[in-house]
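To keep things clear, I will list the structure first and then write my remarks on it.
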Amino acid sequence: MNKLLLSTALCLAVLSVPAMAQEVSACLITKTDTNPFFVKMREGAEAKAAELGVALKSFAGKVDGDHETQVAAIETCIADGAKGILITASDTSAIVQAVQQARDAGLLVIALDTPLTPGDAADATFATDNFIAGELIGKWAAGTLGAEAANAKIAMLDLAVSQPTVDVLRDQGFLQGFGIDLGDPNKWGDESDPRIVGHDVTAGNEEGGRKAMENLLAKDPMINVVYTINEPAAAGAYEALKSIGRENDVLIVSVDGGCPGVANVKDGVIGATSQQYPLDMAALGVEAIKTWADNGSKPSPTEGKDFFDTGVRLVTDAPVDGVESIDTAKGTELCWG
């Protein structure tokens with residue numbers, strides 16, 4: 001009898017112990033794992049996850065534009081019971097169905113850097129204001145040329161034919177900053193200004209930048225302004241210009257602010273770049289997933305915007321009146337990669 005009572009008491013004791021809190025888990029899904037921007041994003045997420053006790057799994061596409069791998073990663077995160085996903089989508093429209101499946105399963109989904117299409121397909125977006133990033137380099141380029149901006153011949157080196165939102169926003173921001181009337185601001189390539197020689201895509205890498213620059217130079221060898229989606233593409237464009245002896249008489253502008261890009265500004269390869277802060281995006285995203293897991297609260301956007309703005313600064317050693325900027329010394333302090 002005593003043994004039976006003791007056994008019953010132990011069972012009741014086990015039943016009365018609160019269930020151990022499950023470890024909060026999160027996923028980071030980037031476009032690639034080679035671009036320094038996404039490397040720094042992963043570092044920021046990993047550091048914040050370690051600080052907060054969040055188990056983080058990282059996934060990446062094989063190349064920029066690898067949509068299928070990102071969909072598979074979302075499915076894995078759902079199956080693993082993650083509390084949330086941070087994603088930089090390669091195809092901002094096509095990914096929406098998979099994102100909705102994750103949200104339906106109770107995961108918090110935050111877009112990093114690249115808003116989804118539509119923007120409210122994610123629970124929140126933590127990003128640079130990419131339109132302003134483009135606008136800053138557009139204003140700088142126009143200010144640098146002065147009166148000659150009216151005669152510019154501009155090459156637009158974009159990201160992908162699918163035109164993800166980050167691609168469109170930077171492109172359209174640059175054109176508006178330069179003083180060019182936009183067509184449909186939700187896409188690039190429909191402008192009628194004759195100063196635009198053409199658009200080509202780069203996949204956001206150096207080889208793509210070189211090939212796109214070569215294609216547009218074949219169309220007009222006297223291009224004198226080059227907009228690039230990011231600094232690897234800018235480096236490729238520079239190599240194409242150098243091969244025909246025009247590296248010193250063409251303005252190249254870009255967006256990212258990684259350490260190699262800032263070094264290229266210092267060395268004169270790039271005239272100016274808009275610096276963004278991927279470590280902050282990812283760290284804030286992990287914090288948001290932890291908060292969601294703890295109390296069900298979702299992050300709020302920056303006042304007056306439909307996303308949380310993580311900031312942007314123009315980096316150049318040739319400042320233009322009326323365009324706020326920092327020099328490469330300060331840019332180096334703040335850079336990544």
Side-chain angles (χ1 to χ4, degrees), residues 64-65 89-96 111 113-121 125 127-145 147-204 208-209 211-213 215-220 222-230 233-234 237 250-256 272-274 276 304-307 309 312 314 323:
D64 203 324
S90 288
D91 189 321
T92 56
S93 299
I95 203 71
V96 167
D113 178 56
T114 306
L116 302 187
T117 306
D120 62 3
T125 301
T128 305
D129 190 321
N130 282 293
F131 190 89
I132 289 179
E135 191 172 42
L136 283 170
I137 53 176
K139 287 180 176 178
W140 179 87
T144 299
L145 289 176
E148 283 303 306
N151 303 313
K153 294 187 175 185
I154 305 169
M156 301 294 295
L157 271 58
D158 295 298
L159 180 61
V161 292
S162 62
Q163 299 198 20
T165 48
V166 64
D167 196 11
V168 173
L169 288 167
R170 292 180 186 179
D171 174 297
Q172 298 291 279
F174 168 82
L175 292 176
Q176 180 165 294
F178 198 86
I180 289 175
D181 292 335
L182 305 181
D184 180 348
N186 297 309
K187 64 180 182 180
W188 52 253
D190 64 346
E191 299 80 21
S192 59
D193 196 302
R195 290 176 289 179
I196 302 173
V197 171
H199 297 252
D200 208 330
V201 296
T202 65
K211 289 182 178 178
M213 189 73 252
N215 291 340
L216 292 175
L217 284 169
K219 189 173 182 180
D220 189 335
M222 297 314 295
I223 287 167
N224 63 353
V225 177
V226 180
Y227 155 85
T228 61
I229 181 67
N230 64 10
V250 178
L251 286 180
I252 301 177
V253 294
S254 198
V255 177
D256 262 353
T273 192
S274 289
Q276 50 183 346
K305 301 186 178 184
D306 58 3
F307 64 97
D309 186 353
V312 63
L314 182 73
V323 185

Any side-chain to backbone donor/acceptor pair from [X] onto [Y]? Under 3.5 Å, distance only.
| X | Y | answer |
| --- | --- | --- |
| Ser90 | Gly65 | yes |
| Asp91 | Ser162 | no |
| Lys219 | Val197 | yes |
| Gln163 | Trp188 | yes |
| Asp158 | Val201 | no |
| Asp129 | Asp309 | no |
| Ser274 | Val255 | no |

Which of these passes side-chain contact (heavy atoms from CB on, under 4.5 Å) with Asn130: Ile229, Thr165, Asp113?
Asp113

From Val253, Ile137, Thr273, residue fulfilling side-chain contact (heavy atoms from CB on, under 4.5 Å) relative to Leu314
Ile137

Counting C-beta onward and ignoring hydrogens, is there a side-chain heavy-atom pair between Val96 and Thr117 closer than 4.5 Å?
no

Is any side-chain heavy atom of Ile180 closer than 4.5 Å to a side-chain heavy atom of Ile196?
yes

Distance, nearest 0.5 Å, that separates [atom1] of [X] from [atom2] of [Y]:
| X | Y | atom1 | atom2 | value |
| --- | --- | --- | --- | --- |
| Asn186 | Leu169 | CG | CG | 8.5 Å |
| Arg170 | Met156 | CZ | CE | 12.0 Å |
| Leu145 | Ile154 | CG | CD1 | 8.5 Å |
| Asp167 | Gln172 | CG | CD | 10.0 Å |
| Met213 | Asp200 | CE | CG | 9.5 Å |

Around atom NZ of Lys305, are there more than 12 heavy atoms of other residues, nucleotides or ligands at under 6.0 Å?
yes

